Structure formats: structure tokens, C-alpha cells
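Contents: one structure, followed by commentary.
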Amino acid sequence: MTSALGSAPTGRDDSRARPTPTRAHRFRWARAAGTGWLYVLPALVMYAVFVLRPLVLTLQYSLYDWNGIGVARWVGLDNYLTVFTDSDLLKIIGNAIVLIVFFSFIPVALGLLVASMVRRITTGAFGTVVRTILFLPQVIPLVAAGIAWSWLLSSNGLVNQALRAVGLGGVARAWLGDFDTALPAVGVIGAWVLLGLCTILLVTGMSKIDPALYEAARLDGAGPVREFLAVTLPSLRQEIGVCLTVTIIAALASFDIVYISTSGGPGLQTTVPGLEIYRLAFSQRQVGLASALAVVLMLLVLACVLPIQRLSRGEKP
Amino acid sequence: MNLSRREQLTGRVFLIALIVVTLLPFVSMLSAALQPRGTVPSGLEWPSDPQWGNFADAFTAANMGALLRSSLLIVAGVVPVSVLIATMAGFGLGQLRVPGGRLVFGLFLLGLTLPFEAVVTPLYYQMQDLGLLNTRWAIILPLVGLYMPFAVFWMRAHFTNVPVELSEAARVDGSSTWQLFWRVQVPLARPAIASLTILMFLWTWNQFLLAIVLVDDATKRTMAGALGAFQGQWGTDLVLLCAGSLLILTPTLIVFLIFQRQFIKALIQGSVKG
């Protein structure tokens, strides 16, 4: 997972009232403001040098045809044109979008199901054990998850062993190597990584819901489904927003799992933008095209995440 | 109530199923890691004669001593500096409310959803120009920058909620801003700082992309990056690969189990904050 766990602006109110400034006061605050900048500066410098500058360079590279060593040739928007017309690159972007179903929708939907089942039993020793175990996939390197699942899904891995045991040996295959199943198989790994996080976040959110709401719903004769739709779901808007944000970013910016489990194959079946940027920039030496794809990826993330932020926070009660 | 007891039961069954699914990959890896070397392990199969020695072999093959040292050096380079400068910036933006602070904060927010892939190529050339490729600095310096959006966001959220009156009282007592920061604000911010430290540690330790792009020598990478190289080298020896992977993820597991309460709290807050 990247560091983008957090989400967009809070719009927290900054205008806390200060005492009416006297002249001496004002002087002191002005000086404090000057010193204040010294506190912000180190972080800003690191950010500017190692994020903003590279970001601007990515934009610049994306307008050139450059092999990383020789002379760069200005090509304008040609690289972007290639990104949007090249069937391989479109397929790669499509793969990332398919992965959203597995990395995001499945963990959130399953997480909601599990969380509403376990709403009341996360306290006590059992609760601690459950939380600890469900968090394990968040704590280990994604690379390790990739290795573990490559083994699980391999020809003589556990999944096929289980299938053979129940007489479905005919279905058994090398899941990550098969053209039809490779992408969903990668998706399953992502779902495994993110399910625990979503579940715990949703359970935490549910524990904050006023029990009176449930009692009221029951008195009105609501069954579990109705109760879920009328009480749980609306109260969890913000948590669901967070889960979707985190998991969609994980899907679109996926790299580690794919690199380790399939390296993008078979063919281009599991190649994702992150992997293609890496390949284009460092093996194919097509820095310009890689950068254009990077810009598109960035915009894709924003296009998915910003509306969710708006929806989940927009009308705060 | 009967209903609630039945709910409890279904809840437990669901949770246990989830736990089994979560643990299965680890158990399966362990069962493979204990098979005799050179055999082809299958699925989940407890070996008749578990080869615990495989772990010793993997320890040597993975060069674990060097990897641990390298990861610790990188963490030591990234975490204290990130946490310190982010705390200072959070203090400046959230407490001192520097003029133009909103603009600067907006600039930081810009990076919050940034995929690392978007900047890794220019970072490569930047590190090359600085002559830092293949050194740990090539991972440390960019990571500090890349963590700033989240870290500043996190610390600012804390400092915004500390009453300004507190700072004013300290000023009236004649303390300088620096004293105010260290003596009053930092001690108060301890829980926020602790959570941030945990997250930074975890993300640094597990950082993969920067490690494989910017550093060729696996013994100068993070644990995750080293694991990638290990897979490349021993990918065909499944027994050793599983043993090595388990070894490489053990340090995080240990740290996690010791601090699990704080870890979970930090991860939950880390996601929800904002």
C-alpha cells in the first residue's frame, strides 16, 4: 500500500477566534508568523525536492520522446495520443479498472456482510485475536502476500489440492498462468490483503452507531435486512467512503503483488499501469511514454477518488 | 435473548471462517517450507519429517543479517526525520497558523493520493544526477518527501485541535516558540506522534517500488525489496523460497505482535483521519 491511506481535505475550520489584537500583540503574532514559517520549511523543502519537482518533470518528460540518455525530442501530446489509442495500453488501463472490482468492491461488500454479522462481538479476548489476525495481511510486505498466494494458486498448490479432494480436479489449473483466470487470481490476492482492513474499519464504524437506532428499527418491525439498509448503511457512509478510497487507490496503483505473482503475464493479461510504467521507463527506455501513462494513472486515481470523497463527506449531518 | 444468541453464533462462524482464510496462505507456506529440499511439495501437507534446517539454509541464502541491518538503517534514516519535520510543519500550520498556510497545506494535500509510480522515473534520474543511485540515500530521501503529505496532514489535524490559548499562555510566561514547541506541544502530541511513527515504520519497511528501481544491490534495500530479489534468485526452489519469505516477514510480525494494539489503532486512525 502506498502512503495515500489518508483522504482528501477536511475543510476543518481554521478561523478560531483569537483575542482582539492590541498593537503589542499584533507585533508578537507577526514575528511568530515569521518564525512559524521556519517550522513548515523543512517539510516543504523535502516535499518540493522529492515530490513536486519529480511531478513537474513527469509532466515535462511526457511531452518528449526520450530514451533517458540521448537528446529528448519534443512531441507534444503524441505520447498521450498513444496511451489512448494503443490497444495494449488501453488493455492495461482496463486491467486496473477490473482490479477495482476485486481490490475494492469485493472487500467492501464482504466486509459489510461480515461486519454486520459480528457487530457486537469484537470485545473481549476473542475480539482481540480476531482483530490481530485480520490485520496480518496489512502488516506483511505485499511482496510476501504475492509469494504466498503464488504458491497457493500454483499447479500443486492448496487451491488445486482442495479442488481435487472434492472431485473437481478437472477445474484445477495453474491459476496465475492461465489466460482466463490470471487477472481474477491476482484480484483474489488483493481482496485477501484488503478484506481485513475493510472489515475492521466497518466494525469500528458500526460500534459508534447509537444502539437506540437499532431498537427503534426493531420496534418498527424491521428485519435484519431492512435494519441493515435503514440504519447500518447510512450511518457508515463515511467509513465506506474511506474503505473505497483506500482500496481503489490500492487497485489502480497496484504494483508489488502483480510484479511478484505474474510479472504481468501471461501475455498482457495481468499487466497494470504501475508495472507498465516501470517496464517502459527502465527496460524499454521509453521515458516519455512511461511518463504520459503515469500522468494518466494519476488523473484516473483522482477521477475515482474525488467523487467518493465528495459523496461520503458532502452532506455531513 | 434468543435472537441475539443466534446472531452471536453466526457472527462467530463468519469470523472463524475469515480467520481461516486469512491464515491459510501462511500455513501453506510453512508446510512447504518444512518439506525436504529438492522435493516438489504439494498444497497443505504436514511433512513426516519436518526440515527445520531449511530455515537456517534460507537465513544464509537470503543473507538475513545484512538485510536486517539495511532495513534498520533505512528506517533510521526515514522515520525520525519524517516524524520530526512533519510535527514541526503540523505545529506551524495548525497552531501558529502561518500566513499563507492554507495554500501550503493545499499543496501538501495534492500529494495525498499520489501513486509512487507517478514520480519514480524522474526520481531515478534525480538520484543519478546526485550520484546516489544504489545507495540507501536513494530510498531514504525520496521516502521522506513522499510521506510528507500524509504526515503533515496527520500532525496538522492534531495541532489544529489543540486550543490556541495554550500557546498564548506559554507566550505570556515568556517562552520562545522553540520552547513552546518542545516543552508544551510535543509532549501533548505524543499519541499522534506515536501512531505516525508506527505507520512510517511499517510503510518504510515494506516499501518495494523505490527499493527495486533505485537500488540494485539487494543487501542495500528494504526488507520487501530484498524479498523481491530473493524470489528472483530462488524462485524455482519452492521450499527455500517459502522458508525465506517466512523469515523475511518475521521481523514485522514480531514488531506487530508486540505493539499490536497501537498498530491497529494507528492503521484505523490512519485510514479514517480526514
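As the structure is a computational prediction, the values presented were derived from the model and not from experiment. Lettering follows sequence order; numbering is per chain, from 1.
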*With the side chain counted from C-beta on, respond yes when A/F126 and B/I16 share a heavy-atom pair under 4.5 Å apart, and no when they do not.*
yes
_Measuring from atom CG of A/L152 to atom OG of B/S28, what distance do you get when rounded to the nearest 0.5 angstrom?_
5.0 Å
*Out of curiosity, B/I19 CD1 to A/I133 CD1, how far, rounded to the nearest 0.5 Å?*
4.5 Å
*With chain B, which of A/A294, A/A281, A/P141, A/A290 has the greatest number of heavy-atom pairs at distances under 4.5 Å?*
A/P141
*Can you tell which of B/F26, B/W205, B/Y125 has the highest number of heavy-atom pairs within less than 4.5 Å of chain A?*
B/Y125
*Are B/F263 and A/F135 near enough that their ring centres are under 6.0 Å apart?*
no
_Taking every non-hydrogen atom, the tightest pair across B/C242 and A/W151_ = SG-CD1, 3.9 Å
_chain B contact via A/T204 - side chain, backbone, both or neither, heavy atoms under 4.5 Å_ = side chain
*What residue in A/L44, A/V301, A/L252 has the most heavy-atom pairs under 4.5 Å with chain B?*
A/L44
*Would you give the length of the straight line joining atom CG of A/L158 to atom CE of B/M29, rounded to the nearest 0.5 angstrom?*
12.5 Å
*List the atom of A/T132, the atom of B/Q260, and the distance in Å for their closest heavy-atom pair.*
OG1-OE1, 3.1 Å
*Select one option (side chain, backbone, both, neither) describing which atoms of A/T199 are under 4.5 Å from chain B's heavy atoms.*
side chain
_Aromatic ring pairing B/F181/A/Y39, orientation class (parallel under 30°, perpendicular over 60°, tilted between)_ = perpendicular
_With chain B as the partner, which of A/V40, A/L57, A/V139 has the greatest number of non-hydrogen pairs under 4.5 Å?_
A/V139
*Spacing of B/I85 atom CD1 and A/L41 atom CG [to the nearest 0.5 Å]*: 10.0 Å
_Max heavy-atom pair count under 4.5 Å with chain A, selected residue of B/L209, B/T250, B/I248_ = B/L209
*Locate the shortest heavy-atom distance separating A/R131 from B/I264; write the atom from each residue and the value.*
NH1-CG2, 3.7 Å
*If you count heavy-atom pairs under 4.5 Å with chain B, which of A/Y47, A/Y278, A/F255 comes out on top?*
A/Y47
_Separation of B/M148 CE from A/F50 CZ (nearest 0.5 Å)_ = 11.5 Å
*Aromatic plane relationship, A/Y259 with B/F208 - under 30° parallel, 30 to 60° tilted, over 60° perpendicular*: perpendicular
_On a heavy-atom basis, which atom in A/L38 and which in B/M88 lie closest, and how many Å separate them?_
O-CE, 4.3 Å
*Roughly how far, to the nearest 0.5 Å, is the CG atom of B/L114 from the CG atom of A/L55?*
5.5 Å
*Quick one: do A/W37 and B/L96 satisfy side chain to side chain contact (heavy atoms under 4.5 Å, CB included)? Show the steps, please.*
CA-CA 9 Å; A/W37 269 101; B/L96 303 177; over 6 Å; no
*Please confirm whether the backbone N or O of A/I260 pairs with a side-chain atom of B/Q231, one donor and one acceptor, at under 3.5 Å?*
yes
*chain A contacts, top residue of B/S31, B/S82, B/A89 (heavy-atom pairs, under 4.5 Å)*: B/A89
